[in-house]
Amino acid sequence: MSIIVIDNQRVHYEVFGRGKPVVFLHGWLGSWRYWYTSMEIVAQHFRTYSFDFWGFGESRTNEMPTIQGYSNQVVRFLDAMGIDRAALVGHSMGGMVALKTALDHPGRVVRVATVGAPINGNSLSWMLKLVDRPFFAEFFARRSWLRRSLFRFFFGDSLDPEVDEVFEDSTKSTADTIRSAIHSMWRTDLTPLLDRLQVPALVVHGAHDEIVNPNQLQLFVHVPMAQVVRMERSRHFPFVDEAEQFHSILLDFLKQPDPMAPTRKAVTTPKPDPVPPRPEPPTLSINGNNHLPSGHDTPHPQSLPSPSRSIFPPGS
């Protein structure tokens, strides 16, 4: 376990691997631990980081959390780690924070991946919205068994060795923290800002997500920098429900060339002596018209593919 102090507040984090930095951001009630398996897989090619948001897991805070505050924490974490630019991967609330950071600080983010993220806070389920009320927040906070049961339900029969620690970490947040986080998520809408996105984005959502409405994918259909993927057998945790496919998609995305990487300087070579132009071959003339017979016209060049790639089943 590693600890740093950011803005006079303790932050717990972990680091695996070597290479270009990738920072994983957890969701509401979570901690860095539920990214453990993903971090190990991605760490075979990159240096992976994850930390506990203030008020969750082992990171303590004296302030009420907000999406803006957590975005600031991401930037401050990069500063503390000496990281100039990194890829961000965020789940649920962490996905909203990752996208917010990419929109506000494009110079610090190479690319961003969101998983089951509420882009418009109104997409949260009614169950989470209830926690915005003090009575339900206190009720939820005082019953650790309820939080464990909720995580166990969404993690299913995962054999991940970190699952027990994930369940334990889910009980460490106070009523004020869990309520304030929901309050801020519900009232955040990044939709009007999506046309400002300057970095490549991977947007993943489980087709059967009961926590965040999968219709969030539709918001990115016309965003040029975004690639959207709906995972048909997944709920809120695609990296658990369809782990192998998810990690393959994520690694393919992370391995794409950095769009802001400096290009190699071209090597100048002497120009060859000019070659006299060859005469054009005669044009085939049929019936006095200078074109090929019908059915053999020169085909039009194909349009370049759009930078946005959508993966949806027919009729979605």
Side-chain angles (χ1 to χ4, degrees), residues 3-13 23-35 50-77 88 90-101 103-105 114-151 154 166-191 193 210-213 216 236:
I3 301 256
I4 57 172
V5 177
I6 297 177
D7 295 339
N8 298 317
Q9 298 177 98
R10 187 179 70 182
V11 174
H12 172 214
Y13 73 97
V23 180
F24 288 82
L25 307 175
H26 69 79
W28 183 71
L29 291 186
S31 69
W32 78 271
R33 293 183 189 277
Y34 73 50
W35 280 122
S50 189
F51 62 86
D52 293 342
F53 282 127
W54 284 317
F56 293 97
E58 298 293 340
S59 295
R60 304 275 67 87
T61 183
N62 298 320
E63 300 176 4
M64 294 299 98
T66 64
I67 297 302
Q68 181 64 65
Y70 284 148
S71 178
N72 294 341
Q73 185 184 3
V74 172
V75 175
R76 297 285 287 110
F77 179 81
L88 302 181
H91 173 249
S92 196
M93 180 183 77
M96 178 180 267
V97 173
L99 185 60
K100 170 73 171 169
T101 306
L103 288 165
D104 290 350
H105 304 277
T114 70
V115 187
I119 309 307
N120 180 336
N122 202 43
S123 65
L124 293 172
S125 72
W126 63 268
M127 180 175 59
L128 266 66
K129 291 175 181 176
L130 281 178
V131 182
D132 190 34
R133 302 183 179 183
F135 170 80
F136 288 103
E138 286 289 345
F139 179 88
F140 196 67
R142 291 177 181 274
R143 288 157 178 81
S144 58
W145 62 267
L146 182 58
R147 286 195 254 184
R148 289 192 184 97
S149 298
L150 183 66
F151 261 93
F154 286 109
V166 169
F167 297 157
E168 185 62 30
D169 281 351
S170 72
T171 68
K172 295 179 179 179
S173 306
T174 66
D176 287 341
T177 293
I178 63 178
R179 181 191 173 208
S180 181
I182 288 293
H183 182 89
S184 183
M185 264 196 292
W186 189 359
R187 288 156 181 80
T188 297
D189 182 9
L190 301 180
T191 309
L193 308 178
E210 306 100 327
I211 297 299
V212 179
N213 194 317
Q216 298 300 276
H236 192 53

Residues S125, E210; criterion side-chain contact (heavy atoms from CB on, under 4.5 Å); working and verdict:
CA-CA 7 Å; S125 72; E210 306 100 327; over 6 Å; no

Hey, mind stepping through L99 and I119 against side-chain contact (heavy atoms from CB on, under 4.5 Å) and telling me if it holds?
CA-CA 8 Å; L99 185 60; I119 309 307; 3.7 Å; yes

One pair to check against side-chain contact (heavy atoms from CB on, under 4.5 Å): D104 and Q68. What are the steps and the verdict?
CA-CA 10 Å; D104 290 350; Q68 181 64 65; 3.9 Å; yes

After noting the C-alpha distance and the side-chain angles of M96 and T114, does the key distance pass the side-chain contact (heavy atoms from CB on, under 4.5 Å) rule?
CA-CA 7 Å; M96 178 180 267; T114 70; over 6 Å; no

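For the pair N120/Q216, a side-chain contact is recorded, criterion being any heavy-atom separation below 4.5 Å from C-beta on. The side-chain heavy atoms of L124 and V212, taken from C-beta on, include a pair separated by under 4.5 Å. With a 4.5 Å cut-off on side-chain heavy atoms, I211 and M127 count as touching. A heavy-atom distance below 4.5 Å is found between the side chains of H91 and H236.
Heavy atoms only, all atoms of each residue included: L25 and W35 are closest at O-NE1, 3.0 Å. S92 approaches G27 most closely through the heavy-atom pair CB-CA, 4.2 Å. Of all non-hydrogen atoms in G94 and F53, the two that sit nearest each other are CA-CE1, 4.0 Å. Closest approach of M93 and P118 over heavy atoms only: N-CD, 4.3 Å.
Distance NZ/K100 to CG/L88: 14.0 Å, rounded to 0.5 Å. To the nearest 0.5 Å, atoms CG (N72) and OG1 (T66) are separated by 7.5 Å. Taken to the nearest 0.5 Å, the CD1 atom of I6 stands 6.0 Å off from the CH2 atom of W54. Expressed to the nearest 0.5 Å, how far OG of S180 lies from CE of M185 amounts to 10.0 Å. Rounding to the nearest 0.5 angstrom, the gap separating the CD1 atom in I67 from the OG1 atom in T101 is 9.5 Å.
Residue F51 forms a ring-ring contact (aromatic ring centres under 6.0 Å, His included) with just one option from Y13, F77, W32, Y70, and that option is F77. Partner D52 forms a side-chain hydrogen bond (donor to acceptor under 3.5 Å, both in side chains) with one of R10, H12, Q73 and no other, that one being H12.
The backbone N or O of I178 sits less than 3.5 Å from a side-chain atom of W28, completing a donor-acceptor pair. Using modelled atom types, no side-chain atom of S123 and backbone atom of N213 make a donor-acceptor pair closer than 3.5 Å. Side chain of D7 to main chain of Q9: no donor-acceptor pair is present (N/O by atom type, distance under 3.5 Å, no hydrogens or angles).
There is a side-chain donor-acceptor pair under 3.5 Å between R187 and H183. For the residue pair S50 / H26, no side-chain donor-acceptor distance below 3.5 Å is found, with atom types taken as modelled.
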